[in-house]
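Indexing begins at 1, ligand by ligand and atom by atom, following the structure's order.
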Amino acid sequence: MNSKPNGQFQRGVGPGSRFSLWYVLAAIGLMLVAQNALFARPFEQVSYSDFKADLRAGRIAEVRIGTQVIRGTLHMPDDASEMTPPLRFMTARVEDPDLVKELEAYEVKYTGQNDNNLLKTILSWVLPLGLLFLLWSFLARRLGPGQGVMNFGKSRARIYAERETGNTFADVAGADEAKEELQEIIDFLRNPQKYTNLGGRIPKGVLLVGPPGTGKTLLSRAVAGEASVPFFSLSGSDFVEMFVGVGAARVRDLFKQAQEKAPCIVFIDELDAVGKARGINPIQQNDEREQTLNQLLGEMDGFDPRKGVIILGATNRPEILDPALMRAGRFDRQVAVGRPDLQGRLDILRLHGQKVRLATDVDLQVIAARTPGMVGSDLASVINEAALLAARYNRDAVTMDELDKAIDRIMAGPEKKSRIMAPAEKQRVAYHESGHALVAEALPSADPVRKVTIIPHGVAALGYTQQLPTQDRYLYTKDELLDRITVMLGGRAAEEVVFSDTSTGAQDDLQRASEMARRMVTEFGMSEHLGPYTVERGRQPMFLDAGQQTPKSCSEATARRIDNEAREMVERMYDRARRLLETHRSKLETLAQYLLKHEVIDQATLAVVLGDLRPRARPELANL
Ligand code: ADP
Ligand code: MG
Ligand code: ZN
């Protein structure tokens with residue numbers, strides 16, 4: 001999806017570096033051998049008195065007297081053959097002033113010797129050092145060029161220049177508004193004179209803002225393709241380097257190259273990685289990032305837009321960007337790239353569907369309706385996944401069946417049919433999921449259930465209940481949110497109703513329900529006691545799925561009230577779910593038994609099993 005090359009993980013795995021491991025091993029072996037030859041002592045250790053006795057017996061031929069030890073050779077016995085090596089001995093030297101006299105008396109050849117043998121000293125130092133060096137160079141090679149300590153100053157040429165991106169607007173579906181806004185940039189790049197002659201101020205930077213996978217990178221490349229200008233790109237995470245100064249140097253390089261090639265596009269992906277507001281966290285400072293950001297701001301101010309360099313940036317977290325980036329003359333224009341609506345999803349599916357062979361029964365309209373909330377990259381994956389499945393089943397075209405499975409896969413991870421569940425666990429999961437489904441079907445505004453399965457999916461899910469919104473949603477009312485929370489709690493409530501105890505399987509449900517309740521209190525002003533007063537939370541994630549929490553600023557007392565309100569809300573909705581399940585206890589039973597037998601139930605069968613539970617009004621909320 002993201003075509004960001006990751007060179008550094010590839011380096012150092014080739015055969016060359018494996019050989020240098022052999023060098024190291026060989027060096028170790030060599031050293032062991034050398035040590036044996038040099039430091040091994042094929043001398044017989046004898047006591048000083050034995051030595052003196054030998055001396056007096058005239059058995060000693062020759063001695064070398066060192067400062068610490070005396071080494072010597074014995075006379076060869078008369079019956080020894082030519083081949084036997086002379087017997088050598090050594091003994092510790094003792095204070096013995098008459099030794100020399102005695103040696104002379106017995107006509108022993110003697111020499112003085114310095115124990116601190118030069119060769120030995122050198123070897124004992126040089127060998128380990130040499131070994132260390134070998135190891136170091138081996139490691140340096142493994143890390144690859146640019147990672148070793150010697151190369152830290154150089155900026156790795158990680159700027160990607162492309163003469164032609166090969167993408168056009170035809171590759172981007174369902175982002176008509178963004179395309180329209182970018183059209184002006186394309187016109188300008190095609191014909192800068194026209195604009196500069198009129199003296200208008202040309203935009204310098206355009207920031208594409210939208211959730212991940214909505215096609216921001218693709219759009220930027222398409223802009224370059226449409227205008228037929230070179231495309232320089234760099235990802236924000238590339239800037240954030242270990243060594244201070246490298247990121248800034250790269251920015252400088254990038255702008256220098258770009259200005260030489262104008263008109264062109266400079267694209268900075270994941271701008272938030274480098275453009276995080278400065279000083280947002282005083283403890284965790286990042287000088288490197290700050291330097292890079294300053295360099296970027298400087299470069300943006302420094303160049304003349306009339307030359308025809310347009311900077312495109314992309315981010316999914318505009319709220320954390322340094323405000324300085326958005327000032328006039330920098331990224332002063334923003335283009336929203338949102339999640340595609342029904343028509344947009346259909347267009348994207350059609351575009352990607354062209355790349356695979358779809359069976360005649362495939363109705364992409366149905367697929368588009370079934371995938372609200374999915375972004376371009378998800379939809380591309382659905383098509384691709386379906387094609388892979390079709391290939392696995394040896395089909396000659398992709399059918400609805402594979403597309404259906406692919407959606408489930410993208411939503412919940414692949415089916416894990418092989419994961420065996422103990423019968424008791426399976427039963428619990430069946431009731432849990434039935435609980436979700438029944439509550440969803442019994443509430444006035446919850447989204448209808450499309451499918452329930454107790455086949456394990458993905459890494460953690462033991463089963464799931466898939467609801468399908470009847471339309472794209474941009475707003476939710478309080479009642480609708482309360483219904484959602486109730487559905488989330490339905491699984492655990494069912495466990496309690498049926499088994500009178502609970503399990504760990506509801507952890508995720510509880511977490512999501514609590515989070516939703518908290519947001520209703522703190523952000524949407526939907527609590528009874530705090531009312532429409534919302535707690536200021538500073539820089540908020542713009543997209544619901546961003547998942548980052550910013551510290552909130554409110555008094556202790558308010559924080560406690562928030563906790564109480566949110567807890568009360570969750571408890572009330574849990575009670576509501578339990579009462580609903582108790583009311584429809586027999587239906588819960590039927591559904592769970594069906595699931596235990598068939599593992600999956602679809603919308604139509606569910607309607608038969610449950611009948612019509614949905615009330616026309618909302619009587620039960622009123623008396624909560
Ligand atoms: P972003 O940069 O917003 O995270 P990308 O541009 O990297 O998203 O999109 C990833 C992939 O998803 C693209 O390569 C493309 O295959 C697909 N895709 C995303 N949005 C669209 C779209 N609007 N039309 C067609 N394909 C899309
Ligand atoms: Mg991207
Ligand atoms: Zn659940």
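Using modelled atom types, one side-chain atom of E226 and one backbone atom of F169 make a donor-acceptor pair closer than 3.5 Å.
At most 12 non-hydrogen atoms from other residues, nucleotides or ligands lie less than 6.0 angstrom from CD of Q507.
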Would you please test E599 and K426 for salt bridge (charged side-chain N to carboxylate O under 4.0 Å, His left out) and show each step? CA-CA 10 Å; E599 296 194 324; K426 201 167 171 176; 3.0 Å; yes
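The CD atom of E385 sits 6.0 Å away from atom CG of L389, with the distance rounded to the nearest 0.5 Å.
Partner of T465 under the side-chain contact (heavy atoms from CB on, under 4.5 Å) criterion, out of H436, H432, K451, R450: H436 alone.
Using a non-hydrogen distance threshold of 4.0 Å, G210 does not register as a contact of ligand 1. Distances shorter than 4.0 angstrom do not occur between any heavy atom of V375 and any atom of ligand 1. Note on ligand 1: R221 sits outside its first shell, no heavy atom being nearer than 4.0 Å. The shortest separation from a heavy atom of A175 to ligand 1 is not under 4.0 Å, leaving the residue out of contact.
A salt bridge does not link R370 with D363: none of the charged nitrogens is closer than 4.0 Å to a carboxylate oxygen. With respect to the salt-bridge test (charged N to carboxylate O, under 4.0 angstrom), the residues E589 and R585 qualify. By the 4.0 Å N-to-carboxylate-O rule, R250 lies too far from D253 to be salt-bridged with it.
No side-chain donor-acceptor contact under 3.5 Å links Q511 and E515. If you check the side chains of E270 and S235, you find a donor sitting under 3.5 Å from an acceptor. D483 and S445 share a donor-acceptor pair across their side chains, judged by distance under 3.5 Å alone.
Ligand 1 has no N or O atom lying under 3.5 Å from any N or O atom of I348, backbone or side chain. Ligand 1 has no N or O atom lying under 3.5 Å from any N or O atom of D269, backbone or side chain.
For the Zn ion (ligand 3), the count of nearby protein N, O or S atoms, meaning those under 2.8 Å away, is 3.
Which parts of ligand 1 touch G376 is read off a 4.0 Å heavy-atom cut-off, strictly below it: atoms 12 (O), 17 (C), 18 (N), 19 (C), 20 (N), 21 (C). Interface atoms of ligand 1 facing V172, defined by a heavy-atom separation under 4.0 Å, are 23 (N), 24 (N). Within ligand 1, the atoms closer than 4.0 Å to a non-hydrogen atom of D171 are 24 (N), 25 (C), numbered from 1 in the order shown. Near L351, with a cut-off below 4.0 Å to any heavy atom, the atoms of ligand 1 are 25 (C). The P212 neighbourhood of ligand 1 comprises atoms 4 (O), with distances under 4.0 Å to a heavy atom of that residue.
The closest heavy-atom contact to atom 6 (O) of ligand 1, among the options L379, L218, N316, comes from L218. Relative to atom 7 (O) of ligand 1, the option among V209, T217, L219 with the closest non-hydrogen atom is T217. Between atom 11 (C) of ligand 1 and the options S377, A380, G215, the minimum heavy-atom separation is to S377.
Annotation for G435 and L588: closest pair N-CD1, 3.8 Å, computed over non-hydrogen atoms.
Looking only at side-chain heavy atoms (C-beta outward), F524 and K478 stay at 4.5 Å or farther from each other.
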